[in-house]
Every structure is written in structure tokens, then in C-alpha cells.
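Worksheet: the structure to be examined is printed underneath.
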Amino acid sequence: QTCYKTVCYNVCKPCYQTCYRDCCYTVCTPHYETCYKDICCTTWKTEQQTCYRDVCYTECKPVVEKQMVDVDCGEWQNQMETIPGPVMNQCQCDPGTWCYDPNTCCCIYQPGACRMVQVQCPSTQCCRRVWVPKIVKQEQSCTRYVTEVKHTQCPYTVCRQVPCQNVQKVPYTVCTYTQQTCTKRVPYTTCTYTHEVCQKTVPYTSCTWQHYTVQKTIPYVTCTWHKEVCQKTVPYITCHWVTETCTKNVPYTTCHQVCETHYKTCSRCVPRQVQYTVTRCVPHTVCRQVPCGPACEAAKPAPAPGCTNM
């Protein structure tokens, strides 16, 4: 028999609650202060002195001279020239002969011998330009330069560095940090468990059973907070001064005259003869003999039916 009974059991429900607590932390505030200190430094003062030296230079003077020069004042003229035709090798065949062949009852053509004959091609007329020179005396001015060595006093400046001791006030910055304690509210969550008794109907079968109570362990979570102090490293800058001596070179420029010789290239026309070959095609007539007679007509095969003799 199935019966029903009411069973009580405990249920734990978590309850979360947000709380706040005060947390202290330290803030470092930097303060900058400018201070001055005396530094003895060495400076270099430039002193200039003007000196003179003897400089030799070459001066070119132009000298104009007149002289008679041969000048070619020729001209181009057209001349007709006959160029003979080239000699070409030509193959010529002798006339052939017809011989009667008793085996085939027809005439057989036997060609003549071939030989090489040299044939002169026709000449051609060529027009070409020929330079006819004509020498004429002309007066031409020619300039030449005569060099002359001269002396002059050229000033130049000599610079030297003189050390000077100076005391300078050099600023430097001192940085100090001020610690300040601040407080901020940090939220945290607490968790509590509430026990609640619930009932449920459990079916059971009636038989010879003994009733006993069973217990079970239910886990639950508790939260606790621990305070921990952390450290961090804050960088700061320190400055120091280093004395350094620098040297610089000051360039100066001197001028002198240099004589140069330049060459100019002049172009002129020179006649030139060019030889070329002209090839012409000349037609020629070749004669050959063709057999014709009653014997040739009899030896011709009979035409096929449906064909017309042309």
C-alpha cells in the first residue's frame, strides 16, 4: 500500500549585502625649487691680427696681330658620269634535236648543251656633286696673350684664441616630495545564509520498515577581508653640470688669377666619292623546237568519252 507523509528539511538561502569601509592611502606631491650655484668656467676670446705677405700673380695682356690666311671659297658643281653596266654570267642552251624512237613509235626531244656566257649589262647615267676648290687670300686678325709676372702685398688675418676665466651662475632645480594621507570609501559585499524549514510530501510503501533519521552536511561560503600594505617606486630626476671645452676652425679665402687656354673646334665640309652598284634585269628570248607531223598525231592517245579536244 502506498501512503504519503510530510517530511521537513532545512534549506540555506544566501543573502548578499553591500557594505563600505574607509581605506587610507598615501599620495606624494612634488615641489620644484630653482637654486643657483657659482661655476668657474673658461671661455676663449678670439683676437685678430692683420699681416701682409708678398704674392706673385700672372697677368695676361692681349696683343692683336694681322696676317694673311688662305681661305677655300670653292663651290659644288654637278657632273654627269656614265657608269658601265656589270658583267653577269648567263646560262644559254643550244637548240635541241628530235629523234625517232622505234620502240615507242614517237619522236623524243633531246635538249642541247648548256654553257655559261658573260653578258654586259647596259650602262647607267649618274649625277654627282663635285667640290671645285678656289683659294682666296684674306686678312685675318689674330689675338695672342703675353703673360707678365707682378707682385703685390696681400693682407691676411691671423686669429688666435685667448683663454678667459669667468664665473657664471648656473640654475638647477631641486625637487622635494610632500606625503599626504587620503581616505576613500571602498565597497565590499557580505554574504549570510538564512535557514528555512520546508515541507514536502513523500510517498512510501507500507511494509515492515523501521524509521530512522538521516543527517547530511551542507557546505556554505563565508567571506573575510584582510588588510595589506603595498609599496611602489616613484622616479625623480637629479641634474649635474659638466664643463666641456670646444674648438672650431675659421676658414678664410684667398684669390689669385689663373691663365687658361681654350680650344675651339671648327667643322668644314669635305667632298667624298661613294661607289655603288646598280643591278638591272634584262629580258631575253629562249627558242625551243616542238615536234609536229603525221607521226605525232598517230602516236597521241585516243581521248576519253565525254571529253572535248582543246
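Keep in mind that what you see is a predicted model, and the values were worked out from it rather than measured. One is the number of the first residue; the rest follow in order along the sequence.
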Handout entry: Pairs where residues 160-192 contributes a residue and the test ring-ring contact (aromatic ring centres under 6.0 Å, His included) is met, not counting sequence neighbours
Key =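 For residues 160-192: Tyr188-Trp225.
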
Problem - Whether Ser141 side chain and Lys66 backbone form a donor-acceptor pair below 3.5 Å - result: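 Checking the backbone N and O of Lys66 against the side chain of Ser141, no donor-acceptor pair under 3.5 Å is found.
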
Exercise for the section: Check for a donor-acceptor pair, side chain of Tyr32 on one end and backbone N or O of Val174 on the other, with a separation under 3.5 Å. Expected result: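 Looks like no, no N/O pair under 3.5 Å.
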
For the atom pair [atom1] ([X]) and [atom2] ([Y]), what is the distance rounded to the nearest 0.5 Å?
X	Y	atom1	atom2	value
Cys175	His31	SG	NE2	9.0 Å
Arg129	Glu75	CZ	CD	10.0 Å
Gln161	Cys164	CD	SG	10.0 Å
Lys45	Asn166	NZ	CG	10.5 Å
Trp131	Gln77	CH2	CD	10.0 Å
Tyr9	Lys216	OH	NZ	9.0 Å

Exercise for the section: Name all pairs fulfilling the salt bridge (Lys or Arg N to Asp or Glu O under 4.0 Å) condition that reach into residues 84-99, sequence neighbours left out, sorted by first residue then second. Expected result: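 For residues 84-99, and leaving out neighbouring residues, the salt bridge (Lys or Arg N to Asp or Glu O under 4.0 Å) pairs sorted by first residue read Asp94-Arg115.
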
Practice task
Name all pairs fulfilling the salt bridge (Lys or Arg N to Asp or Glu O under 4.0 Å) condition that reach into residues 220-238, sequence neighbours left out, sorted by first residue then second.
Solution key: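 Matches after skipping sequence neighbours: none remain.
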
Decide yes or no for [X] and [Y]: does some side-chain heavy atom of the first lie under 4.5 Å from some side-chain heavy atom of the second?
X	Y	value
Tyr193	Val221	yes
Arg185	Asp22	yes
Cys12	Tyr220	no
Gln168	Cys40	no
Gln140	Val69	yes
Asp70	Lys137	yes
Val167	Ile39	no

For residues 78-87, tabulate all N or O donor-acceptor pairs below 3.5 Å that involve a side-chain atom, not counting sequence neighbours.
from: Glu81; atom 1: OE1; to: Arg128; atom 2: NE; distance (Å): 3.2
from: Thr82; atom 1: OG1; to: Gln125; atom 2: OE1; distance (Å): 3.2
from: Thr82; atom 1: OG1; to: Gln125; atom 2: NE2; distance (Å): 2.9

Practice task
Taking ring pair (Phe, Tyr, Trp, His ring centres under 6.0 Å) as the test, write out the residues that go with Tyr145, two or more places apart.
Solution key: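 With neighbours one apart ignored, the set is empty.
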
Handout entry: Residues which pass ring pair (Phe, Tyr, Trp, His ring centres under 6.0 Å) with Tyr16, listed by chain and number, not counting sequence neighbours
Key =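 Listed in chain order: nothing, the list is empty.
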
Salt bridge (Lys or Arg N to Asp or Glu O under 4.0 Å) partners of [X], counting only residues at least two apart:
X	result
Glu148	Lys61
Arg21	none
Glu196	Lys13
Lys169	Asp38

Exercise for the section: Given side chain to side chain donor-acceptor pair (under 3.5 Å), test Thr42 with Gln165 step by step and report yes or no. Expected result: CA-CA 5 Å; Thr42 302; Gln165 298 293 332; 3.1 Å; yes

Practice task
Dump the intermediate steps for side chain to side chain donor-acceptor pair (under 3.5 Å) on Thr147 and Glu59, then the final yes or no.
Solution key: CA-CA 6 Å; Thr147 59; Glu59 183 178 354; over 6 Å; no

Problem - Smallest separation among heavy atoms of Cys105 and Tyr100, with atom names - result: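 Where Cys105 meets Tyr100 most closely, the heavy atoms are CA-OH, 3.3 Å.
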
Handout entry: Over all atoms of both residues, closest heavy-atom pair of Thr152 and Asp54
Key =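 That would be O-OD1, 3.2 Å.
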
Exercise for the section: Would you indicate whether Gln153, at its atom CD, is surrounded by more than 12 heavy atoms from other residues, nucleotides or ligands within a distance under 6.0 Å? Expected result: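 For Gln153, atom CD is crowded (more than 12 foreign heavy atoms under 6.0 Å).
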
Problem - Co-members of Tyr204 in a cluster of I, L, V, M, F, W and Y side chains, linked at under 4.5 Å - result: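 Cluster partners of Tyr204: none, it stands alone.
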
Problem - Cluster companions of Val71 among Ile, Leu, Val, Met, Phe, Trp, Tyr (side-chain spacing under 4.5 Å) - result: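 So far as hydrophobic clustering goes, Val71 is joined with none.
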
